[in-house]
Amino acid sequence: MGKRAVKKSVSEYKCERLNQIVKVGDTVMLRPPAEDTPPYVARVEAIDVERADTKVRLRWFYRPEESLGGRRNFHGSKELFLSDHFDVCSMDAVEGVCRVHSFKSYVKLGAVEAEDYFYRFEYKAATGTFKPDHVAVYCVCEMPYNPDDLMVQCDSCKDWFHPTCIHLTPEQVKKMTQFVCDKCLAEGQILGGKPQPVPATESSTLTGERNSKRSKR
């Protein structure tokens, strides 16, 4: 009778094929089933080394289009959902280490690279429900913030608006030195300052940190 393979749990593993060290807690990209589809993304929960193969226990991130409700217009192009779906795969399926940021950290990045993603929701795959189930909303469209979109802030009420929702073009917004929304104009509000409108990806005030009286499921 041959010897039984010994399994050893490790906190990190040097993957010679990738010339990278994969650690427990890292987020990794995994080979998709087709070449024209984006890689799967998962968080490494454990690494088990055996003589024949090395296994990684994973917690999957879902893309919006893989969720029950599908992709919506406020979902960013690099947005993922941290799911409650766990799995075990071979280390051979791992294509590289990537970075999944918190939503607040992601919007503060100076430059977004191919390996950068973010998440703000946890997703229960069995029920199709999210945590949190309410988030701050902005603009007259009352939609959550999409970090890919340009927004302009009202100098009076300090709310943020999509240019298309207020009948402006992005080019017009970028040339503005001040902006007051229609509601504040109707109420006769006076400007308190003249801040420049800033692309959403460069603004730290659009991270969900500010207090909002509005929320949406």
**Tyr145 vs Phe103, ring-ring contact (aromatic ring centres under 6.0 Å, His included): CA-CA, chis, key distance, verdict** = CA-CA 10 Å; Tyr145 169 44; Phe103 181 61; 5.7 Å; yes
**Message:** To the closest 0.5 Å, what do you measure between CG (Asp159) and SG (Cys154)?
**Reply:** 8.0 Å
**Prompt:** Ring centroid separation for Phe61 and Tyr40, is it under 6.0 angstrom?
**Reply:** no
**Request:** Kindly work out whether a path of hydrophobic side-chain contacts (I/L/V/M/F/W/Y, heavy atoms less than 4.5 Å apart) joins Leu18 to Val100.
**Result:** no
**Prompt:** Which atoms form the tightest heavy-atom contact between Pro64 and His75, and what is the distance?
**Reply:** CB-ND1, 3.5 Å
**Pairing of Glu79 and Arg120 as salt bridge, 4.0 angstrom limit** = yes
**Prompt:** Mind checking whether Phe121 and Phe130 have parallel, tilted or perpendicular rings, split at 30° and 60°?
**Reply:** perpendicular
**Message:** For the residue pair Lys78 and Phe118, would you count it as a cation-pi contact if the rule is NZ or CZ under 6.0 angstrom from the ring centre and within 45 degrees of the ring axis?
**Reply:** no
**Request:** Say whether, by atom type as modelled, one donor and one acceptor occur between the side chain of Gln153 and the main chain of Lys158 under 3.5 angstrom.
**Result:** yes
**Message:** Using side-chain heavy atoms (C-beta onward) and a distance below 4.5 Å, is Tyr138 in contact with Met151?
**Reply:** yes
**Heavy-atom side-chain proximity of Ser156 to Lys183 below 4.5 angstrom** = no
**Prompt:** Between Val22 and Lys14, is any pair of side-chain heavy atoms under 4.5 Å apart?
**Reply:** no
**Prompt:** Would a 4.5 Å heavy-atom cut-off, applied to side chains only, mark Cys139 and Trp160 as touching?
**Reply:** no
**Asked** Crowded around Lys8 NZ? As in, over 12 foreign heavy atoms under 6.0 Å?
**Response** no
**Asked** Has the side chain of Tyr123 got a donor or acceptor atom that lies under 3.5 Å from a matching backbone atom of Leu68?
**Response** yes
**Message:** Can a donor-acceptor pair be found, under 3.5 Å and without considering hydrogens, that links the side chain of Arg71 to the backbone of Gly76?
**Reply:** yes
**Residues which pass salt bridge (Lys or Arg N to Asp or Glu O under 4.0 Å) with Glu122, listed by chain and number, not counting sequence neighbours** = Arg59
**Prompt:** Considering all heavy atoms of both residues, which atom of Ile47 and which atom of Glu12 are nearest to each other, and what is their separation?
**Reply:** CD1-CA, 4.1 Å
**Asked** About how many Å separate CZ of Phe74 and CG of Asn146, when rounded to the nearest 0.5 Å?
**Response** 9.0 Å
**Item:** Under 3.5 Å donor-acceptor, Glu187 side chain and Cys184 backbone
**Value:** no
**Message:** Let's go through Met29 and Val94 carefully: what are the C-alpha distance in whole Å and the side-chain angles of both, what is the deciding distance for side chain to side chain contact (heavy atoms under 4.5 Å, CB included) to 0.1 Å, and is it a yes or a no?
**Reply:** CA-CA 6 Å; Met29 299 174 292; Val94 174; over 6 Å; no
**Item:** Cluster check Leu30, Val24: I/L/V/M/F/W/Y, side chain < 4.5 angstrom
**Value:** yes
**Request:** Show your reasoning for whether salt bridge (Lys or Arg N to Asp or Glu O under 4.0 Å) applies to Glu45 and Arg57.
**Result:** CA-CA 5 Å; Glu45 300 292 314; Arg57 178 170 167 78; over 6 Å; no
**Prompt:** Taking all non-hydrogen atoms of both residues, which atom of Leu150 and which atom of Pro163 are closest, and how far apart?
**Reply:** O-CD, 3.3 Å
**Item:** ILVMFWY cluster, Val28 and Val10 together (side-chain gap under 4.5 Å)
**Value:** yes
**Prompt:** Do you know the tightest heavy-atom contact between Asp116 and Arg99?
**Reply:** OD1-NE, 2.7 Å
**Request:** Take Leu58 and Val44 through the side chain to side chain contact (heavy atoms under 4.5 Å, CB included) test and state the conclusion after the steps.
**Result:** CA-CA 5 Å; Leu58 304 170; Val44 177; 4.1 Å; yes
**Prompt:** Do Asn73 and Met143 have side-chain heavy atoms sitting under 4.5 Å apart?
**Reply:** yes
**Asked** Hey, quick one: are Leu168 and Phe161 part of the same hydrophobic cluster, counting side-chain heavy atoms closer than 4.5 Å, chains of contacts allowed?
**Response** yes
**Item:** Check: Lys55 main-chain N/O paired with Glu50 side-chain donor or acceptor under 3.5 Å
**Value:** no
**Item:** Criterion side chain to side chain contact (heavy atoms under 4.5 Å, CB included) on Cys181 and Cys157, from CA distance to verdict
**Value:** CA-CA 8 Å; Cys181 69; Cys157 68; 3.9 Å; yes
**Prompt:** What closest approach, in Å, do Asp48 and Ser9 show between heavy atoms, and which atom pair accounts for it?
**Reply:** OD1-OG, 2.7 Å
**Message:** Treating Asp26 as the side-chain partner and Lys23 as the backbone partner, does any N or O pair qualify as donor plus acceptor under 3.5 Å?
**Reply:** yes
**Request:** Return the minimal non-hydrogen interatomic distance between Tyr13 and Val49, and the atom names on each side.
**Result:** CD1-CG2, 3.9 Å
Let me check something: any side-chain donor-acceptor pairs from residues 81-91 under 3.5 Å, sequence neighbours excluded? List them with distances.
{"unit_1": "Ser83", "atom_1": "OG", "unit_2": "Trp60", "atom_2": "O", "d": "2.7"}
{"unit_1": "Ser83", "atom_1": "OG", "unit_2": "His85", "atom_2": "N", "d": "3.1"}
{"unit_1": "Asp84", "atom_1": "OD1", "unit_2": "Ala125", "atom_2": "N", "d": "3.0"}
{"unit_1": "His85", "atom_1": "ND1", "unit_2": "Tyr62", "atom_2": "OH", "d": "3.0"}
{"unit_1": "Ser90", "atom_1": "OG", "unit_2": "Asp53", "atom_2": "OD1", "d": "3.1"}
{"unit_1": "Ser90", "atom_1": "OG", "unit_2": "Asp53", "atom_2": "OD2", "d": "3.2"}
{"unit_1": "Ser90", "atom_1": "OG", "unit_2": "Asp92", "atom_2": "N", "d": "3.1"}

**Message:** Same cluster or not: Val112 versus Tyr117, using hydrophobic residues (I, L, V, M, F, W, Y) connected whenever any side-chain heavy atoms lie under 4.5 Å apart?
**Reply:** no
**Prompt:** Counting distance only, does the side-chain N/O of Ser105 pair as donor-acceptor with the main-chain N or O of Ser102 below 3.5 Å?
**Reply:** no
**Message:** Please check: side-chain N/O of Thr27 versus main-chain N/O of Cys98, any donor-acceptor pairing under 3.5 Å?
**Reply:** yes
